[in-house]
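The next block holds one structure in the form of structure tokens; read it before the comments.
So that the names make sense, note that chain A is the first sequence line, chain B the second, and so on, each numbered from 1. Computed from heavy atoms alone, side chains included, the values below leave out hydrogens, waters and symmetry copies.
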Amino acid sequence: MSSRAQTPAKASPPPTMPVSFTVNGKKADLKLDTRTTLLDALREHLKLTGTKKGCDHGQCGACTVIVNGERINSCLSLAMQHQGDEVTTIEGLGMPDDLHPMQAAFVKHDGYQCGYCTPGQICSAVSVLKEIEANIPSHVTGDLTSRMRPTNMEMRERMSGNICRCGAYSNIADAMAEVAGGKA
Amino acid sequence: MRPFTYQRAGSVAEAVKAVGSRDDAMFLAGGTNLLDLMKLQIETPAHIVDIQDTGLDKIEKTKDGGLRIGALVSNTALSADERVRKDYPVLTRAIQAGASGQLRNKATTGGNLLQRTRCSYFYDTNMACNKRDPGSGCAALQGYSRQLAVIGSSDKCIATYPGDMAVGMRVLDAVVETMKADGSTRSIALADFHRLPGDHPEQDNVLETGELITAVWLPKPPGGRHFYHKVRDRASYAFALVSVAAVIQDDGSGRVAFGGVAPKPWRVEAADAALGQGAKAVIARAFADARPTEENRFKIALAERALAGVLAEARNA
Ligand SMILES: Cc1cc2nc3c(=O)[nH]c(=O)nc-3n(C[C@H](O)[C@H](O)[C@H](O)COP(=O)(O)OP(=O)(O)OC[C@H]3O[C@@H](n4cnc5c(N)ncnc54)[C@H](O)[C@@H]3O)c2cc1C
Ligand code: SF4
Ligand code: FES
Ligand code: FES
């Protein structure tokens, strides 16, 4: 795989393509510049600005959304890759008058300060509990053949893809522990 | 990002034809490395061929008792597979030591093998870099080299192969299965898959233009105890300074490979043979030809300690 020679900028307008996926249960039909990331499609085209852009390079987790039941970094995915997919954003998990249990737990435990990382943290936290439920191992798992449990260590390791500049980590772990029904 | 046209290939044959028929096209799997590099205009394909619909997402048993892992199997799915956890735990450990949950959900087996270096000068398009821009020089040689290679490098490039999964696969004697643009297939031992830079650091591996990874084959389970120890600057979500993948048998014999130290997963036969004699003897053989810089010399001592930890655990387990 070698690096590419610089191709001269084309005079023609950048290619666009249609793409359709479901966002929070609603069908979205878009025609986008092929370069549009899923993150920009959500924020700039569908005006779902709950999902945040931090680094835009997979390094912070602010853009985390749930696609077909799995959390991903929406900044490192093209919208075109998601034809036919089901996307859930923080708005789809719950709204102020109808909070998802994880959102309510974040409020109760002060799982944030500035709140910028929070939508990504919550989408990740919901997925982490599902991943433990689905018996997916992690870096800190001892016995790989035993059943996974939502211990504090497991949740901290699994949340490492979500950086919080305000350092709300221990309160986030408390919120997750409450939802998991375990002890932090 | 440079403008590009986008195509979803419905089959392997369509994918290799689409990329092989021009010289400015690239495959897209999870996108977690390629899109990162396209945003920085380090990669500038004019045509993207998305391979997610090519059906390469299965893990199958092989006739000789091993596994055939489709190129599109995600890192999460591979590490969680019951057969891998039970028979090849070094692979589960290596994958789970890398990246984050979000990234592993998207990252694929093929894409992971092909991830490019994390040398910071490769990423900084204002700096000279022979890997990114052949012939421009290597800023790392006079620069900050703490993260970079101690062995296998050349005076054209001292970057490392940054991945974890491949280091685990290396001790399992994995084989990469590919299809070329003309439809022919071949098998490449993982040992021969990644290249040392020599005079051509722009070529990370032996794949030809338009050649698609279709699967990775694991031979029958090696038995023994499996370890993947990764040493890094923070406890999670960071690339390796040094990593050790090892399979240790009850009699103390085994196999060992190192990550974060070389342009490829680093395994030396003579070092495997010295496993019974302890970490010092293994490191002396594995790193006999090392050419560290002042800033990264510590990696060799770190590798020895990481391996000593593995061997102690193997004895006590
Ligand atoms: C913040 C961050 C931290 C990370 N930390 C780690 C870490 O600690 N350890 C680690 O190992 N990795 C780490 N990674 C890297 C990650 O593992 C890779 O980005 C991922 O594995 C790439 O897989 P992909 O399917 O997304 O590849 P893509 O980005 O889709 O593709 C990568 C390259 O491979 C080519 N390609 C893909 N599939 C095929 C195929 N089947 N045949 C031929 N060519 C193909 C593409 O054309 C492209 O050139 C990290 C990444 C990020 C962003
Ligand atoms: S070490 Fe290799 S990748 Fe890094 S600047 Fe030098 S040539 Fe580029
Ligand atoms: S914005 Fe996607 S990971 Fe930072
Ligand atoms: S609450 Fe401010 S970044 Fe996390």
Side-chain angles (χ1 to χ4, degrees), chain A residues 1-7 9-10 12-15 17 19 33-37 56-61 63-65 67-78 80-81 83 120 123-124 127-128 131 134-141 143-145 148 156-163, chain B residues 1-6 8 23-24 26 28 30-33 35-36 38-46 48 50 52 74 76-77 79-80 82 85-86 89 92-93 96-106 114 116 129 131-134 200 202-205 207 209 230 234-237:
Chain A
M1 205 68 25
S2 61
S3 66
R4 303 275 151 177
Q6 306 277 302
T7 37
K10 291 207 182 71
S12 50
M17 270 180 88
V19 64
D33 184 319
T34 52
R35 293 172 291 182
T36 313
T37 59
D56 214 19
H57 286 280
Q59 297 173 0
C60 75
C63 65
T64 304
V65 299
V67 176
N68 300 337
E70 291 186 339
R71 58 180 168 145
I72 69 164
N73 301 106
S74 60
C75 70
L76 286 188
S77 226
L78 294 173
M80 296 301 151
Q81 288 174 263
Q83 174 66 37
C123 285
S124 231
S127 304
V128 162
E131 287 164 14
N135 212 30
I136 292 166
S138 86
H139 176 57
V140 298
T141 301
D143 178 0
L144 291 178
T145 57
M148 300 298 116
R156 291 172 74 101
E157 159 59 24
R158 290 165 194 264
M159 290 296 287
S160 74
N162 291 83
I163 309 293
Chain B
M1 229 187 280
R2 295 291 178 84
F4 56 84
T5 47
Y6 171 94
R8 264 212 202 189
D23 62 4
D24 56 358
M26 288 181 85
L28 176 74
T32 60
N33 190 223
L35 293 176
D36 193 2
M38 283 169 67
K39 287 181 185 197
L40 299 165
Q41 301 196 9
I42 294 166
E43 301 279 16
T44 55
I48 288 284
D50 186 336
Q52 67 174 295
S74 76
T76 300
S79 73
E82 294 299 336
R85 284 155 94 146
K86 191 165 122 315
T92 292
R93 298 274 182 215
Q96 286 297 337
S100 67
Q102 291 95 312
L103 289 161
R104 291 188 297 267
N105 281 343
K106 264 275 149 210
L114 294 173
R116 306 211 65 190
C129 171
K131 193 183 268 304
R132 172 169 35 76
D133 185 8
H200 289 284
E202 73 281 8
Q203 292 168 19
D204 294 350
N205 54 63
L207 287 186
T209 310
K230 179 173 174 179
R234 58 183 183 198
S236 186
Y237 201 20

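Contacts of B:Ala77 with chain A are absent, with no heavy-atom separation under 4.5 Å from either backbone or side chain. For a residue to count as touching a neighbouring chain, one of its non-hydrogen atoms must lie under 4.5 Å from one of that chain's; by this rule A:Gln83 touches chain B with backbone and side chain alike. Heavy-atom distances place the side chain of A:Ile163, and not its backbone, under 4.5 Å from chain B. For chain B, the nearby part of A:Met17 is the side chain; its heavy atoms alone come within less than 4.5 Å. Both the backbone and the side chain of B:Thr32 come within contact range of chain A, with heavy atoms under 4.5 Å apart. In this structure, chain B has no heavy atom under 4.5 Å from any part of A:Cys123. Looking at A:Ser124, only its side chain comes within 4.5 Å of chain B, counting heavy atoms on both sides.
Among B:Met1, B:Met38, B:Arg104, B:Gln52, the residue making the largest number of heavy-atom pairs under 4.5 Å with chain A is B:Met1. Residue with the most contacts toward chain A among B:Leu28, B:Thr92, B:Leu35, B:Asn33: B:Leu35 (heavy-atom pairs, distance under 4.5 Å). The candidate from B:Ala97, B:Gly31, B:Ser236 with the greatest count of non-hydrogen atom pairs under 4.5 Å with chain A is B:Ser236. Annotation: maximal heavy-atom pairing with chain B below 4.5 Å, among A:Asp33, A:Thr145, A:Asp56, occurs at A:Asp56.
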Could you go step by step and tell me if B:Leu103 and A:Asn73 meet the side-chain contact (heavy atoms from CB on, under 4.5 Å) rule? CA-CA 7 Å; B:Leu103 289 161; A:Asn73 301 106; 3.4 Å; yes

Which is it for A:His57 and B:Leu40 under the side-chain contact (heavy atoms from CB on, under 4.5 Å) test, yes or no, and what are the steps along the way? CA-CA 10 Å; A:His57 286 280; B:Leu40 299 165; 3.8 Å; yes

As a quick check of understanding, evaluate side-chain contact (heavy atoms from CB on, under 4.5 Å) for A:Ser77 and B:Lys106, giving each step before the final call. CA-CA 9 Å; A:Ser77 226; B:Lys106 264 275 149 210; 3.9 Å; yes

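Here the shortest heavy-atom pairing between B:Ser100 and A:Gly161 reads CB-CA, 3.5 Å. A:Thr141 approaches B:Arg93 most closely through the heavy-atom pair O-NH1, 2.6 Å. The nearest pair of heavy atoms linking B:Arg2 to A:Arg35 is O-CD, 3.4 Å. The heavy-atom pair separating B:Ser79 from A:Pro137 by the smallest distance is O-CG, 3.6 Å. The two residues B:Gln96 and A:Glu157 come nearest to each other via the heavy atoms O-OE2, 4.1 Å. Heavy-atom minimum distance, B:Phe4 versus A:Thr34: O-OG1, 2.6 Å.
Scored by the side chain to side chain donor-acceptor pair (under 3.5 Å) test, B:Thr76 finds B:Asn105 as partners (sequence neighbours excluded). By the side chain to side chain donor-acceptor pair (under 3.5 Å) test, B:Ser74 is found to be paired with no residue, residues two or more places apart in sequence or in another chain being considered.
For the pair A:Ser160/B:Arg234, no side-chain contact is recorded, criterion being any heavy-atom separation below 4.5 Å from C-beta on. Taking 4.5 Å as the limit, some side-chain heavy atom of A:Asn135 sits within range of a side-chain heavy atom of B:Arg85. Counting heavy atoms from C-beta on, the side chains of B:Asp50 and A:Met80 never come closer than 4.5 Å.
Note: A:Asn162 CG to B:Gln102 CD = 4.5 Å, rounded to the nearest 0.5 Å.
Without hydrogens or angle criteria, B:Tyr237 side chain to A:Gln59 main chain gives a donor-acceptor distance under 3.5 Å.
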